[in-house]
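Start at 1 and go down the list; that is how both ligands and their atoms are numbered. Computation of the quantities below employed the complete heavy-atom set of this structure, encompassing side-chain atoms and omitting hydrogens, waters and symmetry-equivalent molecules.
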Amino acid sequence: MITLENINKTFYTKEVETRALENINLTVEAGEFVAIMGPSGCGKSTMLNIMGLLDTPTEGWVIIDDVRADLLYDRDKARIRNQKLGFIFQSFHLIPSLNVLDNVLLPMLYRKGASVSGSKQRALEILDKVGLSHRLKHFPSQLSGGQCQRVAIARALMGQPKVILADEPTGNLDSKMGAEIMDILLRLNQEGTTIVMVTHDEHIARETSRVIRLFDGKLVL
Ligand SMILES: Nc1ncnc2c1ncn2[C@@H]1O[C@H](COP(=O)(O)OP(=O)(O)OP(=O)(O)O)[C@@H](O)[C@H]1O
Ligand SMILES: [Mg+2]
């Protein structure tokens, strides 16, 4: 599903050079639920961003669904992001001025040919699935953290992604809300969605099918 080949990533700022990833080779198969773990600063978010074509490696390349991403034009990369990948972040990244339903409908604005009524129907179904049917008109500031993250998951699901990339999706939640989010992700995985999730939480990582550990930008085998 997603392969990283010989990935190196170095960040250059005026004075310092940071090697964030070194010689990463990794394949995530379709249907897997992979947890990425490791200490702060070891390169987890960098790796996830490169997998999701949100950032480019300094060396090496990413293959998504048999296509080498570095050989694509930006607009084709954007299409892959929009149609195959769904993103979830620790801080939810919802639009404060949009209500729950409109936040979930947002990705459809970027999709040519999506019907408005069809999209709305789908959004309502997905919001039902994540247990938010009763909060459609609420704004993010009126929701709990767990509810905000469920909105973010619903938004990610609108595009019917093959892969969900989640960067510490339970990081800002207490353990009960974290467990609820994990239940939703496990259900999505059972339904066939591939998931790659960064987490600091060993309990949560234990529920996935594979744990990958990074240390100082390198995979720990
Ligand atoms: N845009 C950037 N410019 C310069 N250095 C960066 C940039 N982004 C990340 N880094 C550096 O790359 C290294 C890896 O960062 P990354 O965010 O991937 O770590 P992480 O494992 O996700 O950490 P955390 O658990 O704290 O989120 C760190 O040393 C960080 O300072
Ligand atoms: Mg991070």
Are the side chains of [Y] and [X] in contact, using a 4.5 Å heavy-atom criterion?
X: Ile153; Y: Leu188; value: yes
X: Asn25; Y: Asn6; value: yes
X: Met197; Y: Ile36; value: no
X: Leu127; Y: Leu136; value: yes

(message) Connecting only ILVMFWY residues whose side-chain heavy atoms lie within less than 4.5 Å of each other, what is the rest of Phe11's hydrophobic cluster?
(response)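 Besides Phe11, the hydrophobic cluster comprises nothing; the residue is isolated.
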(request) Flag Phe11 as yes when one of its N or O atoms lies below 3.5 Å from any N or O atom of ligand 1, and as no otherwise. (result) no
(request) Could you tell me whether atom 30 (C) of ligand 1 has at least one protein heavy atom nearer than 4.0 Å? (result) no
Would you mind checking which non-hydrogen protein atom is closest to [atom], with the distance to 0.1 Å?
atom: atom 18 (O) of ligand 1; result: Thr46 OG1, 2.5 Å
atom: atom 17 (O) of ligand 1; result: Ser45 CB, 3.8 Å
atom: atom 12 (O) of ligand 1; result: Ala20 CB, 3.5 Å
atom: atom 26 (O) of ligand 1; result: Ser40 OG, 2.6 Å
atom: atom 25 (O) of ligand 1; result: Lys44 NZ, 2.7 Å
atom: atom 13 (C) of ligand 1; result: Gly41 O, 3.6 Å

Number the atoms of ligand 1 from 1 as they appear, then name those within less than 4.0 Å of a heavy atom of [X], with their elements.
X: His200; answer: 25 (O)
X: Thr18; answer: 11 (C), 12 (O), 29 (O)
X: Glu168; answer: 25 (O), 27 (O)

(message) Distance check, rounded to the nearest 0.5 Å: Thr10 atom OG1 versus Arg19 atom CZ?
(response)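 Spacing of OG1 (Thr10) from CZ (Arg19) equals 5.0 Å.
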(request) Return yes when Lys9 approaches ligand 1 closer than 4.0 angstrom through a heavy atom, no otherwise. (result) no
(message) Test of understanding: given a 4.0 Å heavy-atom threshold, classify the contact between Met47 and ligand 1 as side chain, backbone, both, or neither.
(response) neither
(message) Checking Gln90 against Asp167: is there a side-chain donor and acceptor pair closer than 3.5 Å?
(response) no
(message) With 2.8 Å as the limit, count the protein N, O or S atoms near the Mg ion (ligand 2).
(response)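 Counting protein N, O and S atoms closer than 2.8 Å to the Mg ion (ligand 2) gives 1.
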Determine, for [X] against [Y], whether the closest basic-nitrogen to carboxylate-oxygen distance falls under 4.0 angstrom.
X: Glu191; Y: Lys129; value: yes
X: Arg68; Y: Asp70; value: yes
X: Lys176; Y: Glu180; value: yes

(request) Give a yes or no answer on whether the side chain of Lys162 reaches the backbone of Leu85 with a donor-acceptor pair at less than 3.5 Å. (result)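 Absent.
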(request) Would you confirm whether Asn103, through its side chain, and Asn99, through its main-chain N or O, come within 3.5 Å as a donor-acceptor pair? (result) yes
